[in-house]
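Only one structure is covered here, and it is reproduced in the block below.
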Amino acid sequence: MIDESLLLSAIHGVTRAVEVVGVAVLLLGAAVSGVRYVRDLRRCPAGAAYKRLRSNLGRSILLGLELLVAADIINTVAIEPTLESLAVLAGIVLIRTFLSFSLEVEIDGRWPWQARNEPDDGRQQPSG
């Protein structure tokens, strides 16, 4: 049988690793977005480069937030399963979900339930 303290230490380590990866995604995404922005400034108008910067940066933030939420879920469910920690987790998930939703609207420029403006490739779009 596995020692409970060893198992909790392993779960805690996994949680911290996921958090570190989430923060790394945020930082690396910001750096890559900045480099792409500078490159795009040389190739296209400033307005288009700025839109791409926001889109790239927003997607990096979304991915980082997803990883941080996953770490919070692991931590709350596996390590501290109390009503208070579940309430804190619910608040964190609610706030991060709102941020994710807002970022997606910013990136795509439309509500998620609105149809995409796809280029016409000759196929008919389903009506609905």
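Along the sequence shown, residues carry numbers from 1. This one's a predicted model, so the numbers in the text were calculated from it and none came from an experiment.
- In this structure, the side chains of Leu62 and Leu99 stay at 4.5 Å or more apart for every pair of heavy atoms.
- Counting heavy atoms from C-beta on, the side chains of Leu65 and Leu26 never come closer than 4.5 Å.
- Between the side chain of Asn56 and the main chain of Arg52, a donor-acceptor pair closer than 3.5 Å is present.
- Inter-residue side-chain proximity for Leu53 and Asp40 is flagged as unmet; no heavy-atom pair is nearer than 4.5 Å.
- Interatomic distance, Leu89 CG to Asp72 CG, rounded to the nearest 0.5 Å: 6.5 Å.
- In the hydrophobic clustering of this structure, Val20 does not group with Leu28; members are Ile, Leu, Val, Met, Phe, Trp, Tyr whose side-chain heavy atoms approach within less than 4.5 Å, directly or through other members.
- For the pair Val25 and Leu67, the minimum side-chain heavy-atom distance is below 4.5 Å.
- For Ser55 (side chain) and Lys51 (main-chain N/O), no donor-acceptor pair under 3.5 Å exists by modelled atom type.
- Side-chain contact check for Arg39 versus Val35: every heavy-atom pair is 4.5 Å or farther apart.
- Shortest non-hydrogen contact noted between Ile11 and Ile74 is CG2-CG2, 3.9 Å.
- To the nearest 0.5 angstrom, Ile73 atom CD1 is 11.0 Å from Thr15 atom OG1.
- The OG atom of Ser9 sits 8.5 Å away from atom CG of Asp3, with the distance rounded to the nearest 0.5 Å.
- Within 6.0 Å of CG in Leu6 there are more than 12 heavy atoms belonging to other residues, nucleotides or ligands.
- Within the 3.5 Å criterion, the main-chain N or O of Thr82 finds a donor-acceptor partner in the side chain of Ser85.
- In this structure, Val88 and Thr76 have side chains that are not in contact, with every pair of non-hydrogen atoms separated by 4.5 Å or more.
- Listed by first then second residue, pairs satisfying side-chain hydrogen bond (donor to acceptor under 3.5 Å, both in side chains) with a partner in residues 19-34 read Arg16-Glu19, not counting sequence neighbours.
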